[in-house]
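See structure below.
These values consider heavy atoms only, across backbone and side chains, with no hydrogens, waters or symmetry-generated copies.
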Amino acid sequence: MDTLTNIKYATDILIFSIDSRKNPNCRELPQKYFSILLVKRNKEPFMNEWCLPGGYVKDDETSIEAAKRVLKKETNLTNTYLEQLAIFDDVNRDPRGRTISTSYMALIDKDKLKEELLPESKWFDITINESNNKIDIVLENEEIINISIKKELINKKANQYIYNLINSNNIAFDHGLIINKGIIELRKQAEITDIVFNLMPDKFTIGELKQVYEIILGKKLINSAFRRVIAKKVEEIDEEIKTGGHRPSKKFKYKGE
């Protein structure tokens, strides 16, 4: 009987974030950007290419404990939303040998980060373009990473797809597929849960919240419909923000806390 030997167990962490940047139009609220934290590899394989933060799971820890350890190392954050995403176990995903990875997704408000990141860690802005059978993901900082993925329907009744890399430049292993999986799951959860509030500051305007939903979902939302849906999830506080030429905007907080 065949036995499984020398299989390594790892974890990879998708650290997604939203941050605010000055709007070129001074009459408007700051713009929101969706980004992901990547780490530049300093050893083979894939020397000098970017990858997700991660590492091997130690003998005395679970995969979630390893994920929390990696997250703290990369961002110095501990009380952060973190959930298991998927298991990646393609036989050839790591040229060093058979490696099975349990991936996790962390969501943070980048404006809450108090500590400097490690020198080899950088935030990359995310842009997504999708057609019927192809997904193009662009990650941009000083460098640009292009990930192209083929999307194939395999079960129409269950709306089930498989995803295969067409190409991915300057990103290690199968991490392009993991990033794609994370974006898909985040969009799905944003439609049916309050997960987006993990990316928000403690106080925000409805306009800011709508911006974040639009970035995550990849589509424009009707203002009146959005306000009706979100009204059950937020409560107004006694603060407001003023932008040039507009009436002050009321601030809100998440009602679930």
Side-chain angles (χ1 to χ4, degrees), residues 7-17 34-57 63-64 66-75 80-108 110 117-130 134-152 161-189 216:
I7 295 179
K8 297 176 181 177
Y9 187 29
T11 185
D12 295 298
I13 319 299
L14 286 154
I15 305 175
F16 287 132
S17 181
F34 180 39
S35 53
I36 186 170
L37 188 70
L38 299 179
V39 178
K40 178 162 277 192
R41 289 183 59 79
N42 59 9
K43 58 185 177 182
E44 296 292 354
F46 304 106
M47 170 79 82
N48 293 324
E49 294 193 14
W50 294 93
C51 68
L52 295 169
Y56 294 120
V57 178
S63 61
I64 184 67
K68 289 178 179 178
R69 170 172 53 81
V70 171
L71 180 64
K72 185 176 189 306
K73 175 186 174 185
E74 299 298 336
T75 67
T80 299
Y81 177 87
L82 187 68
E83 76 164 48
Q84 184 174 318
L85 180 64
I87 293 174
F88 291 82
D89 62 355
D90 186 275
V91 173
N92 299 312
R93 65 181 302 273
D94 191 327
R96 295 169 295 187
R98 185 72 193 275
T99 303
I100 297 173
S101 176
T102 300
S103 61
Y104 286 85
M105 178 170 64
L107 304 180
I108 66 174
K110 196 189 298 182
L117 296 173
L118 297 176
E120 62 271 21
S121 300
K122 298 288 183 185
W123 290 103
F124 282 75
D125 292 339
I126 303 172
T127 303
I128 307 150
N129 296 298
E130 185 171 353
K134 186 168 176 265
I135 301 170
D136 291 306
I137 303 171
V138 180
L139 309 179
E140 187 171 0
N141 193 305
E142 293 90 355
E143 302 179 48
I144 297 177
I145 298 172
N146 293 292
I147 302 167
S148 294
I149 294 170
K150 182 181 179 182
K151 175 183 177 183
E152 182 180 350
Y161 293 84
I162 58 172
Y163 301 88
N164 293 295
L165 277 175
I166 299 172
N167 62 68
S168 58
N169 73 301
N170 204 21
I171 190 162
F173 306 105
D174 57 352
H175 289 187
L177 285 175
I178 300 178
I179 292 169
N180 179 62
K181 176 66 175 177
I183 292 169
I184 292 169
E185 185 62 26
L186 181 56
R187 285 181 168 179
K188 185 188 303 181
Q189 292 293 326
I216 298 301

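When each of Val57, Thr102, Thr11, Leu82 is paired with Ile64, the side-chain contact (heavy atoms from CB on, under 4.5 Å) condition holds for Leu82 and for no other.
Leu139 is not listed as a side-chain neighbour of Lys122, based on a closest heavy-atom distance of 4.5 Å or more. The closest side-chain heavy-atom distance from Arg98 to Asp89 is below 4.5 Å. Using a 4.5 Å heavy-atom cutoff, the side chains of Ile166 and Ile149 are not in contact. With a 4.5 Å cut-off on side-chain heavy atoms, Arg96 and Phe173 count as touching.
For the atom pair CE (Met105) and CD1 (Ile36), the distance works out to 10.5 Å, reported to the nearest 0.5 Å. Distance check: Ile162 CD1 to Glu152 CD gives 4.0 Å after rounding to the nearest 0.5 Å. Between the CH2 atom in Trp50 and the CG atom in Asn141 there is a gap of 6.5 Å [rounded to 0.5 Å]. Expressed to the nearest 0.5 Å, how far CG of Leu177 lies from CD1 of Ile137 amounts to 9.0 Å. Taken from CG in Leu38 to CG in Leu14, the straight-line distance is 9.0 Å, to the nearest 0.5 Å. Of the inter-residue distances, the one linking Asn169 atom CG with Ser148 atom OG reads 9.0 Å to the nearest 0.5 angstrom.
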Task: CA sep, side-chain torsions, deciding dist, call: Ile7, Thr99, side-chain contact (heavy atoms from CB on, under 4.5 Å) - done: CA-CA 6 Å; Ile7 295 179; Thr99 303; over 6 Å; no
TODO: Determine, step by step, whether Glu143 and Asn170 satisfy the side-chain hydrogen bond (donor to acceptor under 3.5 Å, both in side chains) criterion, reporting the C-alpha distance in whole Å, the side-chain angles of both residues, the deciding distance to 0.1 Å, and the verdict.
DONE: CA-CA 9 Å; Glu143 302 179 48; Asn170 204 21; 2.8 Å; yes
- [ ] Please lay out, stage by stage, how Ile15 and Trp123 fare under the test side-chain contact (heavy atoms from CB on, under 4.5 Å).
- [x] CA-CA 9 Å; Ile15 305 175; Trp123 290 103; 3.9 Å; yes
Open item on the list: Would Arg93 and Asp12 count as a salt bridge (Lys or Arg N to Asp or Glu O under 4.0 Å) here? Give the steps.
Closed with: CA-CA 13 Å; Arg93 65 181 302 273; Asp12 295 298; 3.6 Å; yes
- [ ] Determine, stepwise, if the pair Ile13 / Leu52 fulfils side-chain contact (heavy atoms from CB on, under 4.5 Å).
- [x] CA-CA 6 Å; Ile13 319 299; Leu52 295 169; over 6 Å; no
- [ ] Applying side-chain contact (heavy atoms from CB on, under 4.5 Å), run through Val138 and Ile144 and close with a yes or a no.
- [x] CA-CA 7 Å; Val138 180; Ile144 297 177; 3.8 Å; yes
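Side-chain atoms of Lys181 and Ser103 form no donor-acceptor pair, as typed in the model, at a separation below 3.5 Å.
The two residues Ser35 and Asp125 come nearest to each other via the heavy atoms CB-OD1, 3.8 Å. Closest approach of Ser121 to Val39, counting heavy atoms only: OG-CG2, 3.7 Å. Heavy atoms only, all atoms of each residue included: Glu44 and Phe46 are closest at OE1-N, 3.2 Å.
A distance-only check finds no donor-acceptor pair linking the side chain of Tyr81 to the backbone of Ile108 [under 3.5 Å]. With hydrogens and angles disregarded, no donor-acceptor distance shorter than 3.5 Å links the side chain of Arg41 to the backbone of Ala172. No side-chain donor-acceptor contact under 3.5 Å links His175 to the backbone of Cys51. A donor-acceptor distance shorter than 3.5 angstrom exists from the side chain of Thr75 to the backbone of Leu71, with no hydrogens or angles considered.
Checked against the 6.0 Å centroid criterion, the rings of Tyr9 and Tyr56 do not qualify as a close aromatic pair.
Remark: Glu74 does not engage Arg69 in a salt bridge, criterion side-chain N to carboxylate O under 4.0 Å.
Seen from the ring of Tyr161, Lys151 counts as a face-on cation partner, given the 6.0 Å and 45° thresholds.
More than 12 heavy atoms of other residues, nucleotides or ligands shown are found within 6.0 angstrom of NZ on Lys40.
By the 30° and 60° cut-offs, the orientation of the rings of Phe34 relative to Phe16 is tilted.
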